[in-house]
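Below is one structure, written out as structure tokens; the observations come after it.
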Amino acid sequence: MARLLGQWHSLPGRHRSPDYAALAAAVRGLLADGRLPLGVRLPAERELAEALGVSRTTVTAAYRNLRETGHLTSRRGAGSWTTLPNGHRVASSGLWTPDDDMDMIDLGVAASAAPVELVPAARAAADDLPRFLGSAGYHPSGLRELREAVAAAYTARGVATSAEQILVTSGTQQALDLVLRLSVPAGAPVLVESPTYPNALAALAARRARISTHGLDATTGWDGELLLAALRQTRPRLAYVIPEFQNPTGHLMPAALRERLVAAAHATGTELVVDESFVDLPLDGAEMPPPVAVYDRHSRVVSIGGMSKAYWGGLRIGWVRASAPLVQRLAALRVGVDMASPVLEQLVAVHLLAQSETIVAARRKQLAFRRDALIGALREHLPEWRCFVPGGGVTLWAELDGPISSALSRAAEDVGVRLAPGPRFGLDGTLERFVRLPFTLAADDLTEAIRRIASVRHDLDRAARPAWRTPAVIA
Ligand SMILES: Cc1ncc(COP(=O)(O)O)c(C=O)c1O
């Protein structure tokens with residue numbers, strides 16, 4: 001808890017608020033960005049006071065404040081645990097948010113609104129439905145026509161694929177979850193990138209994997225030698241990578257490293273899970289490297305992907321591409337989870353994929369425009385921040401001018417901007433020098449968000465300089 005709280009002293013306006021209020025605000029911040037889950041028991045007041053080096057009165061007052069705002073519930077003898085205050089709801093990001101935040105510019109979610117083709121596709125799908133109504137409608141591996149359409153897209157990208165090699169899932173997230181259920185027993189070593197996609201970390205935590213990381217450089221991306229050395233040293237059961245416009249850094253893995261990575265995974269007996277969520281979204285017309293699966297001669301590579309980024313997240317359509325026997329095993333496992341994906345949504349997906357050229361071209365154009373607007377706003381309002389300009393995807397990983405990401409996110413919330421602070425993308429509370437900025441909202445909203453962030457960034461400096469302390473960790 002003390003480690004999570006980190007520099008809780010350095011909240012904006014800190015010079016005006018007493019210690020207990022700053023501590024309570026920091027706990028609320030951790031709850032809001034998901035690092036402190038709901039229903040978690042907080043340490044006893046005396047223990048936390050000791051770990052933070054403050055008086056017990058301060059912690060008592062902070063806990064009282066959290067109880068008053070509805071963030072904490074206490075019962076004598078049972079302790080205090082985190083709760084959701086009245087007037088709040090769980091947002092699409094899975095995090096909690098005030099009920100009345102219609103004006104909030106949400107930069108916490110990196111996904112776009114639906115394309116105009118969606119409603120006509122849904123109507124056409126409804127017309128197709130009668131063909132399926134005579135059966136029970138359970139298709140654990142997915143509808144044949146959707147599996148064929150997805151397989152054809154892989155084949156067109158240069159990796160021959162049959163419909164038997166495709167399992168349709170409820171989004172890329174379920175694809176990852178199913179693969180982990182099959183391949184990662186509790187305590188098994190798993191290698192991930194750092195930073196990485198937070199919900200992948202959540203899926204790994206649910207399987208109680210033993211996670212180690214390969215650090216990506218914000219400017220240069222993967223260090224091939226270090227990545228392969230990490231594989232050789234940890235010999236993980238599974239490695240999870242996002243080679244196309246990595247979330248959050250936006251880097252694209254070069255072909256040569258793809259090939260070496262597959263060879264190294266084969267040598268170490270590692271299953272390589274390749275998340276291709278952003279593969280449809282190169283934004284500058286550059287040629288894409290071949291899919292990682294092209295280099296796979298020993299069925300070491302499992303590719304996962306979906307329609308959330310180029311089409312619409314609300315469809316909940318994703319897939320696994322693997323060997324046909326592995327797909328069968330995943331389908332059998334999936335019956336124990338949710339039986340099958342909805343027939344109607346799969347039919348909508350078939351219609352959308354049939355128009356992929358038009359829909360994806362429009363999406364790329366829109367994202368390129370928004371990315372450039374975001375970069376322009378950053379250069380104007382926050383020129384001291386450094387950003388690698390991604391050639392695709394939907395996110396920018398901005399390097400801040402200090403380790404202020406959590407404090408900045410808390411301050412931004414007060415001016416109506418929700419941010420995903422750097423530490424959300426790692427494991428150990430580091431990455432405070434970074435913030436992820438998606439460019440999926442309209443350009444005007446992005447510019448306004450950066451203007452507001454810049455205003456609170458400058459307020460952070462006016463707050464009293466925090467005395468840096470290294471908080472003790474408590475078990
Ligand atoms: C890298 C990555 N994987 C998976 C997902 C989840 O995608 P889906 O909506 O298809 O479950 C996302 C969504 O943000 C993502 O960025």
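Nothing fancy with the numbering, it's 1 onward along the sequence. Just so you know, ligand 1 is whichever comes first in the structure, and atom 1 is the first atom listed for that ligand. Any value given below was found using the heavy atoms of this structure, including those in side chains, with hydrogens, waters and symmetry copies removed.
Counting protein heavy atoms only, atom 6 (C) of ligand 1 is closest to Tyr197 OH, 3.4 Å. Lys309 NZ, 2.5 Å is the protein heavy atom nearest to atom 14 (O) of ligand 1. Protein heavy atom in closest approach to atom 9 (O) of ligand 1: Ser308 OG, 2.6 Å. Protein heavy atom closest to atom 16 (O) of ligand 1, with residue, atom name and distance, is Asn247 ND2, 2.8 Å.
Judged by distance alone, with hydrogens and angles left aside, the side-chain atoms of Gln246 form a donor-acceptor pair with the main-chain N or O of Thr249 at under 3.5 Å. Without hydrogens or angle criteria, Gln165 side chain to Ser162 main chain gives a donor-acceptor distance under 3.5 Å.
Side-chain contact between Pro189 and Arg235 is absent, with no heavy atoms from C-beta onward closer than 4.5 Å. Side-chain contact between Phe425 and Thr196 is absent, with no heavy atoms from C-beta onward closer than 4.5 Å.
Residue contacts with ligand 1: Gln246 is excluded, as none of its non-hydrogen atoms falls under 4.0 Å. The shortest heavy-atom distance from Ser277 to ligand 1 is under 4.0 Å.
At a 3.5 angstrom cut-off on N or O pairs, Asp275 counts as close to ligand 1. Taking only nitrogen or oxygen atoms, main chain and side chain alike, Gln174 does not reach within less than 3.5 Å of ligand 1.
Shown here is Arg386, whose CZ atom has no more than 12 heavy atoms of other residues, nucleotides or ligands within 6.0 Å.
Of all heavy-atom pairs between Glu276 and Pro291, the closest is OE2-CB, 4.0 Å.
Taking a cut-off of under 4.0 Å to the non-hydrogen atoms of Arg316, the atoms of ligand 1 that pass are 8 (P), 9 (O), 11 (O). For ligand 1, the atoms sitting less than 4.0 Å from at least one non-hydrogen atom of Phe278 are 1 (C), 16 (O), numbered in the order shown with element in parentheses. Atoms of ligand 1 found under 4.0 Å from any heavy atom of Ile242 (numbered from 1 in listed order, with element): 1 (C). Interface atoms of ligand 1 facing Gly171, defined by a heavy-atom separation under 4.0 Å, are 10 (O), 11 (O).
Of the candidates Phe245, Phe388, Trp397, Phe388 is the only one forming a ring-ring contact (aromatic ring centres under 6.0 Å, His included) with His251.
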Checklist entry - Checking salt bridge (Lys or Arg N to Asp or Glu O under 4.0 Å) for the pair Asp401/Arg457: CA distance, chi angles, key distance, verdict? => result CA-CA 10 Å; Asp401 50 332; Arg457 166 68 195 97; 3.0 Å; yes
